[in-house]
Structures are given as structure tokens and as C-alpha cells.
Amino acid sequence: MTERRTKEIFQPLNPPYVGMYVCGPTVYGDAHLGHARAAITFDIVFRYLTYLGYKVRYVRNITDVGHLTDEVAGEGEDRIAKKAKLERLEPMEVVQRYTNNYHRDMDQLNVWRPSIEPRASGHISEQIELVQRILNEGFAYESHGSVYFDIPRYNQQHRYGKLSGRNIDDMLANTREDLSGQQEKRNPLDFALWKKAQPEHLMHWPSPWGNGFPGWHLECSAMSSKYLGKQFDIHGGGMDLTFPHHECEIAQSEAGNHVEPVRYWMHNNLITINGQKMGRSLGNFINLNEIFTGDHKLLLHAYTPMTVRFFVLQAHYRSTLDFSNEALIAARKAYKRLINGLRIAKRLEFKDTQAAEDTQAKEEIRKLAGACQIAMDDDFNTAVVIANLFNLLKFVNKIHTDALASAALGEESFQLLIQTTVEFTENVLGLKEEQPDALDQLVNALLELYTDAKHNKAYDKVDQIRARLKEVGILVKDMRNGIEWAYEE
RNA sequence: GGUCACGUGGCCGAGCGGCUAGGCAGAGGUCUGCAAAACCUCGUACAGCGGUUCAAAUCCGCUCGUGACCUCCA
């Protein structure tokens, strides 16, 4: 919980319903690794709460207006409009293109789509209403056709800065002198609720204060309260949004709705590249489609979406995660190991043979299965879940290679083993096989030939088939109890 | 300058007072026509210096180092 810097027991306002709002992308460019981390982090929250039986309404917005290139001076260009001019497109064309790309990338990462995905431009009237309410409460003022939030006024009754732990009195005292374009604001900390549209602006709407467009922070307050109520359970986003974006959201809601909007704030940490923050302004960001194709100067290889997902999940969401080829290569191998185990687990059947009961194994499986749940309950600790899954996998593999008889576990423990492995890997962590089923059938057909050749001791043929499959990333496995295949690592 | 994080074995990365994290890489072994996979065994890690405690990677203090936020970014 960001505001109190603590872990807290989750208690929904209206169980079994849960309302969750997460800040989505500003669609003026392709999604990068950072977007992936945020989306995956809250996908895990969405999945796990759903897994626990909650009825989750997950709202994640698309910012398609109002996000300026220079928020502090309030003078910047709208990001979407700038891109539209640059590419000679309609602003909504830009929005649609990058929204589509975002969906494409997130789908590949196996991120569930939210329940509602509202756009800022589709909720102008709600935003105008909210501005009006804040004005009526006296926490905002109109100036030259724009409306600004009055921070000093608000701070007399509330605490602006409580989420990010900032002392606003200090900030007010340390006002910067050198900012231009501040004349409209009474105080540099005041932020825009509604901006007057300059003649060159492409996107604008009529309002009681003239033609203009909403401030960036406004959309989240307006849309979250519309779909989740004035107070809701979880609000998520990247750590970099804590201040000022989420701070402003709190202020807007408290000023306009008289209620603290969010019960639990959750912020995911950022991805670093060689120890440095990744960001557009630093020019070191990597787009997801570049990762998937390997087309980037920092990349030694292409990495699949599931490799990226696994990489993200191996660290706790509140830790920084450093990107490197070494780390991605390690994640790729680990993912393949896990997914090969998953394939086996899904096909494994209980065999009721004569076998001495292995109480130690039973006990360990029981513990590990429980530990998966406990780890998720403890602030979504996916890293620990993965560690437990690898330990469970050892049993799956032992049964598979007949090093352990399934009967020795008893049906109940066996089912617990399989069920935990499959459910947590697929449903909770959202890791899946990346190869389509058709592949399975094709390879099996080839393996029949392989088996025949082997019976005939035609080893040159055998080697040839194996080499051919290896070329396409399929590994043939000759085992004591049969022949099968796995993805090559 | 202000605020706040973090420094874990060759690498990534959990843990946050006592109980094996896990993965990758590496070494040895079992199995095997070969090769791989799988399984078993192996690393005496917690920036440094003090302190608290029966017990500290885990709490406190100092030092050093890295990073983030304070301006748009997930």
C-alpha cells in the first residue's frame, strides 16, 4: 500500500465485488518494456483476485487527449496532436493505431483485457462536470479560459502530497522563480483542470469556460468514479505516476466528491537498463515489438512474449528490474523448463500401481502447494511462486520418468501436484505454451518415423530426423520408457 | 539542495530476526547406441564498520556506493 508504505490485508468495500483502476497508456507511441511490466503486474492482481473468487471490475484507461509534453508550464503541446501533425494523420488515427498496437502487444504477453477500457476523449462531459463541482467547492479558479486547481487552498483542509510523502509547505516555499507561462496560475503547484484551446489545437470541446480540453489528471478521476464509484478498492500504476498524477487524482476526488477515492494504492517499480531508468526522454527505451523481433541495437536476440512475461514475474513488482541480454537469456531457458514441465503435467495420469507410500514426498508437495497460495497472498510474490513451481516440477518430472510412482503419492497428493502446477502456471501467472497444437501433431508424426527407424537400427536415419527437428527448435528425447519431444533450450 | 529507495554467491533475483528460495552459468554422478532431457550431489553469498539481541542478510547508527522522485514518462 503506497500511501502507508505497508502491506495490508485486503478487504474489499463490497465483497465479493472488487473495483480496480489502473492508469493505461497515452497512445502516441508503441508500448515498451515499462508498459509491459505495469500491465503484467496488474494482470496478476486481476487474475489472482479472480482466481480467489472475487468479481473484479478492472478499468484501465486509454489516454487520448490532454497529456501535454510539458505539464508543469502548462504550455506543452498535446502528445497525440503533436504526433498527428508529425505523421500527418488525424489525431484519432494516431490514437487508433497505437491503441491497436498496444492491444496486439498485450495480447501476445497474455495480459487479460480489462473489463472496461474507457478513453479520455469519450468522457469529456463527465470531466467538465467534475471541474464544475470542484469550482463550486471553491478549490479551483478560472483564469483566461482555463481552470486551475488551487493547491494552497486545498492544502488548508487536506494534505496534498500525502501519497508521495511530500511536504507541500516546503514545495510552496521553494517555488521556482524562472518558470515562464505561469502568469495564469496563482501558484506554480496549481495544475490545470481545463485548458483553453489555442487556435492551433486540433482537439477541443466546448465548455462553460470556452473551447478547450481537459487536464491530464482529470480523466482518471472522472472515469474511475463513473465506473467504480466515488470510492473504490485498488488503484494501480507505475511508480513514476505517484507524483504528481495520482496525488492530483486524490485532490480532485476529495475536492469534488468529498471522499478519499482509493482504498489501496499499488505501484509497480520501473525497469532499468544497465542500471539506468528506461525512458523516452533518455532514449534508451525498448519497444515490445522490437524485443519480439530482436530489432534493436541493445538486443542480442529476439525474445518471445512469454520470455518477457517470465522475466517480469521472476522479480517482485515493487523491486526495480534490470534489463540485460544475460538476464533475458536466463529467463528464456527457465521459462522453457517450466513450460516443458507444464506440458508433462497436463498429460500425466495417475496410475494405481503397487507402490510404497512416500510420506515425505506427500508432505513436501502439500507444503509447496500451500506455499504458492501463501506467496500470492503475501503481496503477489510471483518470484516465490515460481520458485515453488520449480520445486513441484521436480516431482512431476520424477513421476514422468518413473523415478517416482504416482501411486506412492496417493491419488489426492498426485492431483494436488498436477492441479497446483497447472493452475498457478497457466491461470495465476498467465504463462502458456507458445507453440500451437498443430505443431504437436506434426512432431508426433515425425516421431513415429523416428521410432520405426530406431527399431530397424537405421541410426543415420535416426540422427537425421533428430538433426532436422533440432533445426526448428525441437528436441527429441530418447528415454528408457519412450520417445518424446521438448522445446530446445 | 530536499525526499526516498536499494547494495545478496560468476550473473539474475527472492527472503526482511533463528528454519534449503528459485533460475542461469559451472563441477561431479545416475540413465543412455550417441547426444540431450530428466533426476541426484556440489557454492559455506548477504557493501564496510560499529551497536542491539541468546541469535542479524534481516533491527539501529555511521561510512562508502548506486539509483529514483522533486519536470513528461509504466
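Being a predicted model, the structure only gives us computed values, none of them experimental.
Between A:T401 and B:A37 there is no side-chain polar atom (N or O) within less than 4.0 angstrom of OP1 or OP2. Neither OP1 nor OP2 of B:G23 sits under 4.0 Å from any side-chain N or O of A:K336. Contact annotation: A:R337 side-chain N/O to B:A37 OP1/OP2 distance is not under 4.0 Å. Considering only side-chain N and O atoms, A:N381 lies under 4.0 angstrom from the phosphate OP1 or OP2 of B:G15.
For A:A315, counting side-chain heavy atoms from C-beta on, the closest listed nucleotide (B:C39, B:A35, B:G13) is B:G13. The A:A383 side chain lies nearest to B:A14 when the options are B:A36, B:C24, B:A14. Distances were taken from every side-chain heavy atom of A:F390 (C-beta onward) to each of B:G22, B:A38, B:A74; the shortest belongs to B:G22. Checking B:A14, B:A74, B:C24 against the side-chain heavy atoms of A:M278 singles out B:A74 as nearest. When each of B:C11, B:A21, B:G33 is scored by its nearest atom to the side-chain atoms of A:E326, the top-ranked nucleotide is B:C11.
For the P atoms, the distance linking B:A25 with B:G61 amounts to 41 Å, nearest Å. B:A5 sits 38 Å from B:C42 when the P atoms are compared, rounded to a whole Å. Atom C1' of B:A45 sits at a distance of 13 Å from the matching atom of B:G7, rounded to the whole Å. Of the C1' atoms belonging to B:U3 and B:U71, the separation is 16 Å, rounded to the nearest Å. Rounded to a whole angstrom, the distance from the C1' atom of B:U53 to that of B:C59 is 9 Å. Comparing the same atom, C1', in B:C11 and in B:C46 gives a spacing of 16 Å after rounding to whole Å. Spacing between B:G13 and B:G17 at atom P, rounded to whole Å, works out to 22 Å. A gap of 33 Å separates the P atoms of B:A14 and B:C54, to the nearest Å.
Note: A:F149 and A:Y154 meet the aromatic proximity criterion, with ring centroids under 6.0 Å apart. Close placement of the A:F191 and A:H217 rings is indicated, their centers lying within 6.0 Å of each other.
For A:R466 and B:C34, a side-chain-to-base donor-acceptor distance below 3.5 Å is present, hydrogens and geometry of angles not being considered. Taking only distance into account, the side chain of A:D322 never meets the base of B:C12 through a donor-acceptor pair shorter than 3.5 Å.
Here CG of A:N269 is found 10.5 Å from OH of A:Y317. Values are rounded to the nearest 0.5 Å.
Counting non-hydrogen atoms under 4.0 angstrom, A:K477 reaches a base of the nucleic acid. Nucleic acid contact for A:K394: sugar-phosphate only, since backbone atoms but no base atoms lie under 4.0 Å from a heavy atom of the residue. Residue A:G34 is classed as a base contact, given a heavy-atom separation below 4.0 Å to a base.
Here the side chains of A:I339 and A:F310 are not in contact, with every heavy-atom distance at 4.5 Å or above.
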